[in-house]
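Comments concern the structure below.
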Amino acid sequence: MAVVRVRQHVNPLAQKYRTPVNPLEWEKIYAQPNQPLHLDIGCAKGRFVLQMAQVEPHWNFLGLEIREPLVVEANQLRSELGLTNLYYLYGNANNSLQSLLSGLTPGILQRVTIQFPDPWFKTRHAKRRVVQPKLVTELAEYLAVGGVVFLQSDMKFVAVEMCDRFAENPAFARVGTDEWLTENPLAVPTEREIFTQNKGEPIYRALFVKQG
């Protein structure tokens, strides 16, 4: 497969990303649409959920990514491997979750991951970061009770901000103490996670659970 070259960063507030995704016909996407769903927001090339789908065949996985060429490539690879519990979708998480998740059977969405999102270092660009209060509110509405949100970043200020946003919403409770998790609770690390660990640099991880 040819290497797909795309911009590393795109502005989610740009005009071209303002159109929400259309609701999905879940029964046409997954062979077993009633399996629990794991949503990976900002999946990039999608290798994390590609491996997760193979490790956990009794889950369905949806990778949401704002850079369309990466989605096209990831879906091609998924098709080549014949994975019927995995799908990649091109869209902007900050304006698409409502239309995307509203068609789900209640209780299906049980796990969400947001891993190493674009930090947007400048203060004036903070509104471009993916974890905004609206996104947290929408996840609170559609995530099953007892469902989890796993967050991680190699930028402490990003991890702190993400945790603050979820902690501010009464639907979510942080698991454990306020200390960062030392281990990834999931079976598969992301490429960025492996790269960061190999450099010996810290990773800031946290897990939140949806309360009843």
Step by step, would you call Ile203 with Phe116 a side-chain contact (heavy atoms from CB on, under 4.5 Å)? CA-CA 9 Å; Ile203 298 173; Phe116 304 95; 3.9 Å; yes

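- Using a 4.5 Å heavy-atom threshold, the side chains of Thr105 and Trp26 count as separate.
- Side-chain polar atoms of Glu193 and Gln152 form a donor-acceptor pair below 3.5 angstrom.
- Side-chain atoms of Thr113 and Thr190, non-hydrogen and from C-beta on, never get closer than 4.5 Å to each other.
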Side chains of residues 135-147: which donor-acceptor pairs under 3.5 Å do they make with residues two or more places apart or in other chains?
from   : atom 1 : to     : atom 2 : distance (Å)
Thr137 : OG1    : Pro133 : O      : 3.0
Glu138 : OE2    : Lys134 : NZ     : 2.7
Tyr142 : OH     : Gln98  : NE2    : 2.6

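- Within 6.0 Å of the NZ atom in Lys199, the count of heavy atoms belonging to other residues, nucleotides or ligands exceeds 12.
- Screening Val148, Val149, Asn184 against Leu207 for a side-chain contact (heavy atoms from CB on, under 4.5 Å) leaves a single residue, Val148.
- A donor-acceptor pair is defined here as one N or O able to donate and one able to accept, closer than 3.5 Å; such a pair exists between the side chain of Glu65 and the backbone of Arg67.
- One distance of note links CG of Asp40 with CG of Leu64; it measures 9.0 Å at 0.5 Å rounding.
- Tyr30 is linked by a ring pair (Phe, Tyr, Trp, His ring centres under 6.0 Å) to nothing, counting only residues two or more places apart in sequence or in another chain.
- Listed for the Arg47 side chain is a donor-acceptor partner under 3.5 Å among the backbone atoms of Lys45.
- Atom CG of Leu101 sits about 9.0 Å away from atom CG of Leu24, to the nearest 0.5 Å.
- Looking at Asn34, Leu37, Ile108 one by one, the single match for side-chain contact (heavy atoms from CB on, under 4.5 Å) with Asn60 turns out to be Leu37.
- Shortest non-hydrogen contact noted between Gln132 and Asn94 is CG-ND2, 3.9 Å.
- Two residues are said to be in side-chain contact when any heavy atoms from C-beta on lie closer than 4.5 Å; Cys163 and Arg174 meet this criterion.
- You'll find the side chain of Arg111 stays beyond 4.5 Å of the side chain of Phe150, heavy atoms only.
- Crowding of Glu183 atom CD: a count of heavy atoms from other residues, nucleotides or ligands under 6.0 Å not exceeding 12.
- Residues Leu186 and Phe48 meet the side-chain proximity criterion, which asks for heavy atoms closer than 4.5 Å.
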Between Ile29 and Leu62, is a side-chain contact (heavy atoms from CB on, under 4.5 Å) present by the stated rule, with each step listed? CA-CA 10 Å; Ile29 292 175; Leu62 179 66; 5.9 Å; no

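- Between atom CE of residue Met52 and atom SG of residue Cys43 there is a gap of 13.5 Å, rounded to the nearest 0.5 Å.
- Sorted by first and then second residue, the pairs that involve residues 49-88 and meet ring pair (Phe, Tyr, Trp, His ring centres under 6.0 Å), not counting sequence neighbours, are His38-Phe61.
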